[in-house]
Amino acid sequence: MRTEIPKLHQRLQATMIYVTHDQVEAMAMGDRIVVMDNGIAQQDDAPLLLYNEPVNLFVAGFLGSPPMNSSPAP
């Protein structure tokens, strides 16, 4: 699907919304990504901006593998 959907998008030149819980898939396929928490949009941005400039700890912890460690230093 990661190769077929972008081909279809390119061919149709249409706006598409693709919903996934797989952040790797979203980062690979999306031009823009909305990260949601309990139905509330936390950040709507380009993949690299989400990764490099998360707006809060939820977005920072959600993206990345392994997730970012946001615990305070001892």
Side-chain angles (χ1 to χ4, degrees):
M1 291 307 286
R2 286 186 193 175
T3 58
E4 293 303 315
I5 290 176
K7 286 179 192 175
L8 181 63
H9 181 241
Q10 179 83 21
R11 188 172 49 120
L12 295 177
Q13 294 293 302
T15 300
M16 300 176 86
I17 298 173
Y18 183 75
V19 178
T20 182
H21 291 94
D22 182 342
Q23 59 262 44
V24 173
E25 186 173 68
M27 295 291 278
M29 293 175 54
D31 294 323
R32 291 194 70 81
I33 298 171
V34 178
V35 177
M36 299 185 74
D37 181 24
N38 291 320
I40 299 170
Q42 298 296 309
Q43 188 170 352
D44 170 4
D45 240 322
L48 283 178
L49 285 173
L50 285 172
Y51 187 80
N52 291 324
E53 300 175 29
V55 296
N56 59 34
L57 289 175
F58 177 81
V59 176
F62 183 76
L63 296 173
S65 182
M68 181 172 96
N69 181 359
S70 58
S71 303

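Both V55 and I33 sit in one connected hydrophobic cluster of ILVMFWY residues. Membership requires side-chain heavy atoms under 4.5 Å apart, directly or through other members. Cluster annotation: V59 is not connected to L49 through the hydrophobic network of ILVMFWY side chains, with a link wherever side-chain heavy atoms come within less than 4.5 Å.
Rounding to the nearest 0.5 Å gives a distance of 5.0 Å between CD of Q42 and CG of N56. In this structure, the separation between OG1 on T3 and CE on M29 is 9.0 Å, given to the nearest 0.5 Å. Taking OG1 of T15 as the reference point, atom CZ of R32 lies at 12.0 Å (rounded to 0.5 Å).
Looking at heavy atoms from C-beta onward, E25 lies in side-chain contact with Y18 at the 4.5 angstrom threshold. Between L8 and M16 there is a side-chain heavy-atom pair separated by less than 4.5 Å.
Within a 6.0 Å radius of OH in Y51, no more than 12 heavy atoms belonging to other residues, nucleotides or ligands are found.
Here the closest heavy-atom approach between residue H9 and residue A14 is recorded as CD2-O, 2.8 Å.
Although no hydrogens or angles enter the test, the distance criterion places no donor-acceptor pair under 3.5 Å between the side chain of Q23 and the main chain of V35. In this structure, Q13 contributes its side chain and Q10 its backbone to a donor-acceptor pair below 3.5 Å.
Cluster partners of M36, using a side-chain heavy-atom cutoff of under 4.5 Å among ILVMFWY residues and allowing indirect links, are V34.
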